[in-house]
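This report concerns only the one structure given below.
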Amino acid sequence: MTGRGLIVCLLWAAPVAVVSWGASQAVPQTAVLVGAGDIASCASTGKEATAALLDRIPGVVITIGDNAYPDGSTADFRRCYDPSWGRHKARTRPTPGDHDYDTPGASGYFDYFGAAAGDRGKGYYSYELGEWHIVALNSVIANGPTSEQVRWLRADLAASTKRCTLAYFHHPRFFSSISTTPGGGVNDYERAFWDVLYQAGAAIVLNGDQHHYERFAPQTPDGLLDFATGIREFVVGTGGADVSAPTSIRAHSEIRNGDSFGVLKLTLAAERYAWEFIPTAELRFRDSGRGACPRKPSSLLQSGADSGRVLGVTPLVGSRPKGIPIVDRWAVFTAPDAPKPAYLMPVFLEPFHLKVTRITGDPGRSIALRAGGSPTWGADARHHYSNDQPWSADGLLLAIQNTGSPRSVYLNGETYQPVRGPCPNDDAYDDRWHPSYAHAHERIAVNRTSTLSWFDVGTCTQTRSWTLPFPVIGIGGTPSDDGRFIALSDSKRFMVVDMDPQPPFAPYPNRRIGPGVDFISDCGLPSGCTENWVSISPSGKHVVVNYHGDRLRVYDVDPGTLAAKPRPMPTLYANCGGTAANGFVYDLGHQDMALNPFDNNEDVIVGQEHCGNRGKRVAGTLIGGVVMVRLRDGKITSLTNPTNEAYPYHVSTRNYDRPGWVYVSYWPGPGRRFNDEIVAVKLDGSGAVERYAHTRTETSGCYRCEAHAVPARDGKRVLWASNWMANAAGTGSKLVIQAYVVDAR
């Protein structure tokens with residue numbers, strides 16, 4: 001973000017909130033399921049640490065096998081399991097693992113858990129939890145296609161009336177490992193489970209056995225990606241026995257960690273879910289996101305165009321799959337003239353064939369808010385900025401700024417119908433959605449004095465607040481990905497705030513704020529040390545300061561004191577500004593930060609190449625328009641090829657639930673690749689892209705006309721701003737700026 005951009009963004013960081021929900025807007029009831037596998041070894045203290053997590057998490061506790069080491073004997077359960085996880089026995093729904101069967105018939109397991117373990121000798125059962133059907137299976141006993149257990153499973157699922165299904169059992173079908181595994185990380189013993197669960201439209205499978213945490217993209221039983229009807233698998237072998245990092249990575253593994261004990265918390269709602277991996281005290285790895293329950297494949301067989309997905313064949317629109325972005329990175333497209341879409345009337349534009357919807361109305365038109373009154377759309381009705389996620393964590397709300405009245409509007413996150421205007425008691429000057437599903441309708445906000453707060457826009461209540469040591473100018477960047485840490489600045493100093501202290505620190509309302517850090521007097525830039533923005537990194541381990549001219553400087557955050565100091569960098573490249581020893585890294589423009597799943601979740605910053613090296617080689621690397629910098633050591637990776645590439649502009653990594661991609665809006669460049677396009681670029685350095693839409697906006701002398709494309713959390717929709725003045729068949733207006741969504745679901 002440039003200095004000019006920061007000023008405009010802050011001016012537009014107006015209060016965005018809604019009044020209390022009406023009955024028709026009630027938040028769906030949710031249930032919580034929490035647990036892990038590979039739990040209680042008397043040789044490890046991990047079980048006590050994970051049990052302490054359960055102490056403060058409500059809901060149903062599950063165990064995912066290998067409950068008591070080494071043999072699952074009565075003595076093992078008494079000595080190792082009962083003093084820790086045993087205090088949650090009354091709310092536990094267990095499953096056994098192979099270690100539990102080292103005692104014949106798993107008698108220690110069945111004796112300990114009693115009726116909660118299901119029929120003795122079987123150990124499989126099901127139950128209802130809120131809007132979900134939950135199935136606990138036994139992967140140690142016979143589970144082939146003709147086994148008694150699989151016949152039971154088929155009948156149980158056929159009888160269920162719930163839309164959403166979750167299953168858990170010890171052994172995973174797909175997994176990464178610490179060595180080259182026969183079969184490439186595929187366990188065919190669990191194939192029959194997957195076949196039946198997939199045909200029934202199950203959403204989630206939870207496993208243990210591998211002593212790490214791992215999340216997979218939705219897959220078929222054959223291990224093919226299937227975002228429409230696939231099952232998302234989690235491996236949670238982190239209950240306390242021991243952990244180790246996988247080195248042989250299975251296809252479609254989205255994220256892994258092998259150094260953190262912890263539990264997986266699932267928040268289950270009607271037709272959707274959210275996950276959060278919570279590590280034990282003092283460990284920083286976290287993973288969170290959300291998903292929706294798939295439709296049952298059997299119903300898709302009767303739904304016409306969608307039926308091909310069940311058979312592994314995607315229906316075609318023209319020569320390309322329906323609802324899938326173009327992935328050819330070399331093609332050059334010219335945007336054909338297209339009239340501006342009518343409000344909330346989807347269109348499918350060439351050459352992308354993806355659904356595009358204008359989601360804000362025409363100036364002066366009334367806004368149908370349920371609270372009544374006479375609200376109207378203004379001539380500028382769009383989202384805030386590319387590094388500000390406009391959708392709430394649960395996807396139910398979308399925040400829009402408006403020059404009409406009210407100044408801000410919340411839309412339904414799916415239908416885009418207006419919901420509410422501002423809460424009368426919300427005094428936010430600048431705010432962001434809390435990124436955690438647990439705080440889905442709360443905005444992290446600062447006012448114009450010295451207050452940092454969380455404000456629930458559904459109930460119009462301030463849920464947390466801190467008085468800061470000095471007034472700040474706004475929220476220059478984003479909170480950490482777990483919503484815990486934030487860096488705030490007064491343009492001369494910054495401080496790090498821990499908004500949700502975890503053990504060993506006392507919880508909120510304990511105030512945990514780091515000392516002010518002077519980042520001006522020692523910057524050493526000959527051009528001056530004016531701040532553009534300051535932001536915490538996604539992990540919370542670093543702070544990045546952007547000085548005028550897009551000079552980027554990295555600070556390390558002390559996890560105990562929250563003090564920060566410049567991180568000396570190895571001199572890998574000739575810096576464009578500042579010295580590596582003083583924490584400066586390669587210059588990038590219009591940046592955003594992310595955790596890179598292709599590089600052990602390292603903090604990275606991605607942006608427009610800003611050192612003038614596009615098309616040149618730097619330390620042997622051919623530099624394209626979009627460049628990634630690793631914060632730990634300043635290593636650069638060019639993500640695009642400069643050959644005939646249009647000039648990239650703003651980038652966004654707000655796709656929390658689809659890590660590994662960055663979304664780029666490109667300037668117009670007739671005859672060039674990515675001319676005026678919104679493009680997703682993969683972070684693995686492969687050059688892989690997905691191409692979504694033309695922005696059709698004319699931005700000369702108009703900052704708010706710039707597209708600032710930002711993806712939804714799942715990365716399947718992208719929101720952008722446009723005055724629809726380019727290739728618009730004469731239907732746009734330079735002074736009318738509106739919001740558009742392209743949908744690839």
- prompt: Which of these, Leu588, Val664, Val626, Thr637, sits in a side chain to side chain contact (heavy atoms under 4.5 Å, CB included) with Val606?
  reply: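 The residue from Leu588, Val664, Val626, Thr637 that satisfies side chain to side chain contact (heavy atoms under 4.5 Å, CB included) with Val606 turns out to be Val626.
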Looking only at side-chain N and O atoms, does [Y] offer a donor or acceptor that is under 3.5 Å from a partner on [X]?
| X | Y | value |
| --- | --- | --- |
| Tyr649 | His708 | no |
| Asn257 | Glu214 | no |
| Asp287 | Trp275 | yes |
| Arg658 | Tyr663 | yes |
| Asn582 | Thr579 | no |
| Asp388 | His383 | no |
| Thr478 | Asn387 | no |
| Glu677 | Asn675 | no |
| Arg250 | Ser253 | no |
| Glu706 | Thr697 | no |

Once you round to the nearest 0.5 Å, how far does [atom1] of [X] lie from [atom2] of [Y]?
| X | Y | atom1 | atom2 | value |
| --- | --- | --- | --- | --- |
| Gln608 | Tyr647 | CD | OH | 3.5 Å |
| Trp533 | Ile475 | CH2 | CD1 | 14.0 Å |
| Asp657 | Trp391 | CG | CH2 | 12.5 Å |
| Arg484 | Arg286 | CZ | CZ | 6.5 Å |
| Asp337 | Leu349 | CG | CG | 11.5 Å |

Could you tell me if [X] sits above the aromatic ring of [Y], with its cationic atom closer than 6.0 Å to the ring centre and no more than 45 degrees from the axis?
| X | Y | result |
| --- | --- | --- |
| Arg654 | Tyr656 | yes |
| Arg691 | Phe352 | no |
| Arg443 | Trp433 | yes |

message = Would you say the ring centers of Tyr547 and Phe584 fall short of 6.0 Å from each other?
response =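 Aromatic pair counts; centres sit under 6.0 Å.
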Any side-chain to backbone donor/acceptor pair from Glu350 onto His353? Under 3.5 Å, distance only.
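Judged by distance alone, no pair lies under 3.5 Å.
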Say whether, by atom type as modelled, one donor and one acceptor occur between the side chain of His434 and the main chain of Ser436 under 3.5 angstrom.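 Flag set: sc His434 to bb Ser436 pair under 3.5 Å.
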